[in-house]
> 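Could you have a look at this structure, given as structure tokens, before my questions?
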Amino acid sequence: MKEFSPGPVENHRGREAGAVVYPVYSRRSKGLSVGINLFPDRKVCSFDCPYCEVFPFQTDLRFSLPVMEEALRGILAEAAERGIPLRDICFSGNGEPSLSPDFREALEAAGRIRERFVPEAALVIITNGTGLLNDKTFALMKEAALGAMKLDIWLKLDAGSPAWYEAIDRSAIPFDALIGSIRKFVPLAPVTLQTMICAVQGREPPAEEEAAWVRLAAELAGSGGSGPGRGPGVQAVQIYGKARPAPEDPLAEALPQAVLEKRAAALRAAIGTSIPIEVFP
Ligand code: SF4
């Protein structure tokens, strides 16, 4: 098992060494988070974000459910022994977790372990949302978010317009198809929207992108009906900046905090204060 030495995430090189389960202090979780990485052997993702922090690597390791379960139980036991409260168990890692063939089983196993050892901790998936184009994954995520597992879905919404989506997410999946699936999903299940704001090729998101993103985020925020409280719909919005190195630096660059705050203020002006909008520079 990886040594228990959680610290602020400076970069993700530890994960690239093949860790399946790893403790970190997470700025967005505001405390200890235990990450689960379904891709210890290579990056697997349907996006190719220029700000992506996964450095090129390859190992001979394969994901193994028993290894994941044992490592997770070990880290939880160690955190408990040291009296460190756990904020969440989080599926993230080297790519898009929902693309893994082990996703369902790993999610269910993590849910069971959370329930038994740390029922107060959240179970989170950080996803780019492309799994929602697959009916089975759509149903799994919905069921996991609404049911006893109470999965917190942190759903990427980096762009409000096809042009910025092309620049910041560089995916082969068409923008309209992805947004269509997100539009279907949000009224059915609780989600947290998460948006990276950074410059790409020296260019900030242009004014028309900001306006399109605000329109789309406001539409999604209004589509669940119930606001925060685990009913379907948008529970919170996270606007975050580029804080760590990426292999393609300086293709994507951090922007001043004021740019992120301005975006948050624009959304607040559109939807009011019923949904928390947080900025993580
Ligand atoms: S969605 Fe996440 S893992 Fe995939 S390329 Fe973007 S930042 Fe990297």
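Numbering of ligands and ligand atoms starts at 1, following listing order. As the structure is a computational prediction, the values presented were derived from the model and not from experiment.
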> In the structure I gave you, are the side-chain heavy atoms of Phe63 and Asn37 within less than 4.5 Å of one another anywhere?
no

> Check Ser181, Ser98, Ser46 against Thr130 for a side chain to side chain donor-acceptor pair (under 3.5 Å) and give me the one that passes.
Ser46

> How does Cys45 reach ligand 1, if at all, at less than 4.0 Å between non-hydrogen atoms: by side chain, backbone, both, or neither?
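For Cys45, the contact with ligand 1 is made by the side chain alone.
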
> Pick from Glu96, Arg170, Lys156: which one makes a side-chain contact (heavy atoms from CB on, under 4.5 Å) with Phe47?
Lys156

> For atom 8 (Fe) of ligand 1, what is the nearest protein heavy atom, given as residue, atom name and distance?
Cys52 SG, 2.3 Å

> Are Asn128 and ligand 1 in contact, using a heavy-atom cut-off of under 4.0 Å?
yes

> Just need the protein heavy atom nearest to atom 3 (S) of ligand 1, so name the residue and atom and give the distance.
Gly95 CA, 3.7 Å

> Which label fits Phe175 and Tyr165: parallel for a plane angle under 30°, tilted from 30 to 60°, or perpendicular past 60°?
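Tilted: the ring planes of Phe175 and Tyr165 meet at 30° to 60°.
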
> When you measure from atom 2 (Fe) of ligand 1 to each heavy atom in Lys156, Met196, Arg170, Lys43, which option holds the nearest one?
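It is Lys156 whose heavy atom sits nearest to atom 2 (Fe) of ligand 1.
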
> Indicate yes or no: does Arg82 engage Glu78 in a salt bridge with an N to O separation below 4.0 Å.
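Glu78 and Arg82: salt-bridged.
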
> Identify the closest protein heavy atom to atom 6 (Fe) of ligand 1: which residue and atom is it, and at what distance?
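Atom 6 (Fe) of ligand 1 sits closest to the protein heavy atom Cys49 SG, 2.3 Å.
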
